[in-house]
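Note sheet for the following structure.
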Amino acid sequence: MEVTRAEKERVRDDLFEQVMTPTNVTDAWKRVKANGGAAGVDGMEIGDFPDFARRHWETIAAKLREGTYKPSPVRRVLIPKGRGRFRPLGIPTVLDRVIQQAIAQVLVELHDPTFSEHSYGFRPGRSAHQAIEAMRTMSLRKGYGGRRCHVVDCDLETFFDTVNHQKMMARLRESVADERLLNLIGKFLKAGAILPDGTYEESQSGVPQGGPLSPLLANILLDELDKELERRGHAFVRYADDFVILCHGPRAAARVLVSITRWLSRRLRLTVNETKSKVVPLAEAAFLGFCILRKKVRWTDRSRTKLKEKVRVITKRTRGVSPQQVMVDLQRHLRGAVNYYACGIPYRDIVELDGWLRRRMRLYYWKQWGRPRTRRRKLLALGIDRAEVHMASRSRKGHWRMSRNSLVHRAMTDAWLHTQGLPDLVKQWVAIRYPNGPKGSAKMA
DNA sequence: TAACGTCGAAC
RNA sequence: AUUGUUCGACGUUA
Ligand SMILES: Nc1ncnc2c1ncn2[C@H]1C[C@H](O)[C@@H](COP(=O)(O)OP(=O)(O)OP(=O)(O)O)O1
Ligand SMILES: [Mg+2]
């Protein structure tokens with residue numbers, strides 16, 4: 001016992017050297033390189049880094065060890081977040097990303113095993129699917145399934161930007177004894193930012209949205225929230241700054257929301273987003289793009305609308321893009337999106353979506369063919385007889401109506417569209433939902 | 001099983 | 001132009 005405790009002390013105090021290990025640093029660099037991200041405030045691209053590192057790593061390592069290394073400010077880039085709002089990214093330099101990544105790799109092994117079972121965001125081996133499934137399982141427990149079940153759906157306001165430095169460092173000090181490492185992390189927090197107009201801005205609070213270490217720091221801070229929710233015996237699931245608490249009724253839920261809001265503000269100096277946070281009946285609680293309806297996971301109307309909108313954009317730009325190219329784009333987009341949502345898509349939705357997609361693609365071809373002469377030629381080539389072709393090719397009906405026309409349908413059959421490269425959504429859905437085939441006989445991977 | 005690459009989703 | 005963490009799918013290779 002005495003030996004293991006002493007050993008642990010040693011490892012804790014040696015964390016900094018663990019970060020600086022050549023294998024750890026090269027792993028960190030590999031990751032930064034693989035991400036292929038943009039340059040930071042110094043303008044150094046990923047491609048420039050190996051040369052720079054060969055020349056300067058020794059002196060940088062020395063400065064890091066002496067505690068005299070000064071991280072560069074992050075580069076502030078505003079990206080649209082919908083509804084006219086913007087997300088302020090903080091992009092560290094390539095060098096600082098490597099260093100932060102190296103720190104994260106060491107700290108994650110120390111901290112992640114101690115995190116709550118009910119926390120899912122930014123954590124290795126844990127996914128959004130597991131989080132929503134955990135929520136579903138909780139809702140099945142006695143007392144949470146019925147009509148009375150209400151959910152506190154909580155989200156923090158500009159979460160990363162509002163992380164309190166003092167609170168963050170105090171929390172880190174509880175688990176990290178190495179002063180050099182704490183010092184370095186503190187410097188990263190205070191590095192500041194260069195705004196798009198070139199002016200410097202101090203960072204009095206916040207972890208950069210874009211720092212490789214930031215998600216882990218966020219979880220280390222909110223671990224205290226998890227512990228508090230556990231202490232109070234709440235049925236909750238957290239994904240980053242987004243968490244749900246299942247309650248036995250609307251009044252209890254309302255009390256919990258008020259209480260947790262106050263606790264977060266007082267204890268962690270974090271603000272609950274008043275507009276995003278609310279108490280709703282279980283069926284109306286949207287979490288990670290899903291909700292729980294009649295004990296099943298379902299994608300939200302919003303998720304479906306967003307997916308359709310994306311398809312619309314891909315199939316819109318009729319100018320200059322071949323149908324084949326459009327379908328390649330559709331293929332790879334829908335493969336990923338359907339793969340994510342499949343667990344929440346009911347069969348009738350996927351059939352409807354598949355039909356809508358084919359119709360949209362027929363419309364694309366029809367528009368592409370344009371002039372009556374080319375329409376005539378294409379229709380004949382697809383095996384439609386001359387008399388019918390004559391009428392259809394000269395049709396002045398609207399395009400969307402033509403896409404439903406039976407002749408157009410016979411020319412471009414479902415099978416033909418699929419041979420041209422149109423993804424088969426129903427097939428894909430079945431492959432995900434029933435991976436073992438109709439008999440359910442084969443073994444799992 | 002692993003490594004690289006492309007892409008999707010959540011935050 | 002747009003960073004990061006995590007999960008997943010597909011492709012190439014052995
Ligand atoms: N694209 C991203 N890049 C880097 N970090 C991100 C990204 N998206 C989300 N995050 C991180 C930083 C956010 O503070 C945190 C929570 O996300 P989110 O709730 O969507 O935004 P937010 O909390 O910053 O603003 P809001 O007030 O709109 O909730 O997750
Ligand atoms: Mg938020």
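Each chain gets a letter, A, B and so on, in the order the sequences are listed, and its residues count up from 1.
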> When we call it a touch if two heavy atoms are under 4.0 Å apart, what does Asn219(A) touch: a base, just sugar-phosphate, or nothing?
Replying inline: nothing
>> Requiring both pairing distances under 3.5 angstrom, list the stems that contain RNA chain C and are made of three or more consecutive Watson-Crick or G-U pairs.
In response: B:1-11 with C:4-14
>> Assess whether a salt bridge exists between Lys63(A) and Glu66(A), defined as any Lys/Arg side-chain N lying under 4.0 Å from an Asp/Glu carboxylate O.
In response: no
> Which nucleotide sits closest to the side chain of Pro92(A): dC11(B), dA9(B), rU3(C)?
Replying inline: rU3(C)
> Which of the following nucleotides, dC11(B), rU3(C), rG4(C), is nearest to the side chain of Ala38(A)?
Replying inline: rU3(C)
> What's the closest nucleotide to the Tyr340(A) side chain, out of dA9(B), rU3(C), dC7(B)?
Replying inline: dA9(B)
>> I want to verify a distance call: between rA1(C), rU5(C), rC10(C), whose nearest atom is closest to the Gln101(A) side chain?
In response: rU5(C)
>> Which nucleotide wins on minimum distance to the side chain of Pro215(A), given the candidates dA10(B), rU6(C), rG4(C)?
In response: rG4(C)
>> With side-chain contact (heavy atoms from CB on, under 4.5 Å) as the test, pick out the partner of Thr93(A) among Ile99(A), Asp42(A), Val74(A).
In response: Asp42(A)
> Starting at the 5' end of RNA chain C, which residue's closest nucleotide do you reach first, Arg87(A) or Arg31(A)?
Replying inline: Arg87(A)
> Are Asp354(A) and Arg358(A) within salt-bridge range, i.e. N to O under 4.0 Å?
Replying inline: yes
> What nucleotide among rG4(C), dC7(B), dC11(B) has an atom nearest to a side-chain atom of Asp155(A)?
Replying inline: dC11(B)
> Between CG of Leu246(A) and CZ of Phe236(A), what distance do you get to the nearest 0.5 Å?
Replying inline: 11.5 Å
> Looking at dG8(B), rU5(C), rC7(C), which one has an atom nearest to any side-chain atom of Phe122(A)?
Replying inline: rU5(C)
> rU5(C), rU6(C), dC11(B): which one has an atom nearest the side-chain heavy atoms of Pro212(A)?
Replying inline: rU5(C)
> Which nucleotide sits closest to the side chain of Lys30(A): rU2(C), dC4(B), dC11(B)?
Replying inline: dC4(B)
> Across the strands shown, which category fits Gly125(A) at heavy-atom distances under 4.0 angstrom: base, sugar-phosphate, nothing?
Replying inline: sugar-phosphate
> Nearest to the side chain of Lys306(A), which nucleotide is it out of dC11(B), dA9(B), dA10(B)?
Replying inline: dA10(B)
